[in-house]
Amino acid sequence: MLTTQVPAPMASAKDGSLVPHPCASNKGKRIRAACDLAINGAAPAFSETVHVGRPNIGDRRAFLERVDTMFDRRWLTNNGPLVQELEAKLASYLGVRHVVAMCNGTIALEIAIRALGMKGEVIVPSYTFIATAQALQWQEITPVFADIDPVTHNLDPAAVERMITPRTTGIIGVHLWGRAAPVDELAEIARRRNLSLMFDSAHAFGASYRGRLVGAFGRAEVFSFHATKFFNSFEGGAITTNEDDLARDMRYMRNFGFEDYDRAVHPGTNGKMPEICAAMGLTNLETLDAVVEANRSNYVAYAEALEGIDNLHLLPYDPRESSNFQYVVVEVGDSFPATRDQIVAALHAEGILARKYFWPGCHNMKPFRDLYPHAGLLLPSTQTVSERVIVLPTGTALPPEAIGVITSVFRVLGKHEG
Ligand code: T4K
């Protein structure tokens with residue numbers, strides 16, 4: 001229960017009947033005090049839910065024109081011209097030799113993992129979207145969870161080193177929240193211990209590490225272009241690599257192992273991106289800068305409005321690096337007057353579907369908890385961070401008044417009323 005929870009106050013009208021307190025109205029709702037909160041009985045700020053993953057949608061006319069050409073050609077999938085155009089444009093944008101487009105980020109992870117010959121045990125963070133770990137488990141490779149740096153939320157290289165065993169074959173770094181993992185440190189460990197290194201870059205399209213765009217680090221990187229990502233192709237993803245042989249094998253693998261019409265030369269699956277997804281990707285690529293600018297300006301507005309609230313920490317973006325500003329991540333300190341879950345409940349009551357990504361950590365979810373019931377003992381920062389984080393909505397579809405409402409909820413729950 002919220003400590004601030006009070007029933008919506010009622011006032012007496014002159015005729016003696018009870019009328020709602022003015023702050024129970026949601027017309028241009030301002031949240032100044034506990035009684036204004038929907039969780040305390042006031043009307044919610046939004047009747048239509050405000051989501052974290054609202055898709056950014058580029059120029060519809062440009063998209064529909066591409067779809068028209070696709071229908072005219074009657075070429076809907078199987079490495080069509082739109083997929084090839086998207087791959088070429090992405091390779092040039094990211095500065096990498098090969099982009100292999102895929103049907104989604106999870107299959108792309110599975111294919112990259114297999115193409116790199118990972119087996120036995122592979123070290124990953126537990127503090128990530130579960131797809132990173134599932135892509136290993138799905139091919140009977142054991143994900144071994146290493147702890148994160150509590151400041152950056154990315155893998156802690158010292159923890160990675162501690163988890164290496166004779167069965168370890170690889171490391172998957174995740175550029176969490178679009179902030180680059182410690183690429184150089186992980187590359188040094190991989191080189192010294194003879195391990196394959198790849199990155200789950202699902203969050204990091206357009207983000208840089210030491211001035212170079214993410215996409216050409218490790219032996220391969222994997223992007224997600226899911227609808228909820230700041231750059232989306234409905235569903236989709238891609239593997240990027242500078243290694244020619246690897247790219248060739250991954251192309252076989254995404255197409256059942258076929259080299260030509262008749263001969264399969266490699267184990268394979270179906271990881272192909274359809275043309276309609278490439279049409280969406282190409283269209284959204286044209287408005288990428290505007291989306292980043294919308295995200296950046298939302299982020300700055302959050303930062304300004306949350307400034308001065310004690311025990312609340314907005315994860316910063318490094319101003320020296322390129323960022324997509326896709327994730328607005330707030331950490332709730334232990335001394336904040338409300339718990340993380342109480343804040344999330346208060347936001348949900350207002351119609352704001354803030355998320356607790358990536359609580360409770362992969363190691364605490366059934367597929368992995370059953371395997372390693374005590375993994376949490378080695379993951380103290382993962383445990384702490386996953387209990388503190390709230391991810392807030394952003395993107396081009398964010399209603400203009402949302403940031404004011406959301407930050408007022410934090411202010412009121414943080415006892416900065418009035
Ligand atoms: N690695 C990492 C580090 C990842 O974060 C992900 C995906 C992957 C790998 C795997 O890539 P993919 O195979 O997905 O390409 C969402 C996304 O579904 C998932 O793609 C993403 N990460 C993850 C961080 O977020 P959920 O379980 O939160 O999805 P869901 O359905 O709750 O959607 C989030 C919010 O977005 C909801 O409030 C509804 C809203 N939404 C969603 C869709 C699809 C919309 O408003 N419109 C929409 O079209 O996982």
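We count ligands from 1, going down the list as the structure has it; atoms in each ligand are counted the same way.
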Going by distance alone, is a donor N or O of one side chain under 3.5 Å from an acceptor N or O of the other, for Glu321 and Ser208? yes

Classify the contact between Phe358 and ligand 1 as side chain, backbone, both or neither, using a heavy-atom distance cut-off of under 4.0 Å. side chain

Atom 44 (C) of ligand 1 [closest protein heavy-atom partner, distance rounded to 0.1 Å]: His226 CE1, 3.8 Å

Is Phe217 close to Arg212 at the side-chain level, that is, under 4.5 Å between some pair of heavy atoms? yes

Do Phe223 and Phe231 make the cut of ring centroids closer than 6.0 angstrom? no

For atom 9 (C) of ligand 1, the closest protein heavy atom turns out to be Asp200 OD2, 3.5 Å

Contact bool for atom 31 (O) of ligand 1 (protein heavy atom, d < 4.0 Å): no

Atoms of ligand 1 under 4.0 Å from any heavy atom of Ala131, numbered from 1 in the order shown, are 8 (C), 9 (C), 10 (C)

I'd like to check His363 versus Gln383 (side-chain heavy atoms, cut-off strictly below 4.5 Å). Are they in contact? yes

Return yes when Gly236 approaches ligand 1 closer than 4.0 angstrom through a heavy atom, no otherwise. yes

Can Phe129 and Asp200 be said to form a side-chain contact (heavy atoms from CB on, under 4.5 Å), step by step? CA-CA 10 Å; Phe129 187 61; Asp200 177 338; over 6 Å; no

Donor on one side chain, acceptor on other, Lys272 and Asn78, under 3.5 Å: yes

So which protein heavy atom does atom 10 (C) of ligand 1 come closest to, and at what separation? Thr106 OG1, 3.5 Å

Atom indices of ligand 1 within 4.0 angstrom of Leu353 heavy atoms, with elements: 38 (O)

Is the backbone of Val389 close enough, under 3.5 Å, to the side chain of Arg340 for a donor and an acceptor to pair up by distance? yes

Indicate yes or no: at least one non-hydrogen side-chain atom of Val330 is less than 4.5 angstrom from one of Leu312. yes

Closest approach of any protein heavy atom to atom 38 (O) of ligand 1, naming residue and atom: His51 ND1, 2.7 Å

Should the ring pair His266 and Tyr252 be called parallel, tilted or perpendicular, given that the plane angle runs from 0 to 90° and is split at 30 and 60? tilted

Examine the side chains of Gln326 and Thr394 and answer whether a donor and an acceptor come within less than 3.5 Å of each other. no

Who's the nearest protein heavy-atom neighbour of atom 41 (N) of ligand 1, and how far? Gly53 O, 3.7 Å

Any N or O on Tyr327 sitting closer than 3.5 Å to an N or O of ligand 1? no

Flag the pair Glu387 and Lys356 as a salt bridge only when some basic side-chain nitrogen lies within less than 4.0 angstrom of an acidic carboxylate oxygen. no

Using the side chain to side chain donor-acceptor pair (under 3.5 Å) definition, which of the options Asn79, Asp249, Thr269 pairs with Arg254? Asn79

Does at least one non-hydrogen atom of Pro55 fall below 4.0 angstrom from an atom of ligand 1? yes

Using atom types as modelled and distance alone, determine if a side-chain donor or acceptor of Asn324 lies under 3.5 Å from a backbone N or O of Phe205. yes

Is it the side chain (CB and beyond), the backbone, both or neither of Thr228 that lies under 4.0 Å from ligand 1, heavy atoms counted? side chain

Pick from Glu235, Arg355, Arg54: the one approaching atom 34 (C) of ligand 1 most closely through a non-hydrogen atom: Arg355

Mark up the atoms of ligand 1 that fall under 4.0 Å of a heavy atom belonging to His203, in ascending order. 3 (C), 4 (C), 5 (O)

Thr128 N/O under 3.5 Å from ligand 1 N/O: no

Show me which atoms of ligand 1 lie under 4.0 Å from any heavy atom of Tyr357. 16 (C), 25 (O), 26 (P), 28 (O), 34 (C)

Do me a favour and list the nearest non-hydrogen protein atom to atom 22 (N) of ligand 1 with residue, atom name and distance? Lys229 NZ, 2.8 Å

Is atom 12 (P) of ligand 1 close to the protein, meaning a heavy atom under 4.0 Å from it? yes

Could you tell me whether ligand 1 has any atom less than 4.0 Å away from a heavy atom of Phe225? no

Taking distance alone, with no angle check, do Phe129 and ligand 1 share an N/O pair under 3.5 Å? no

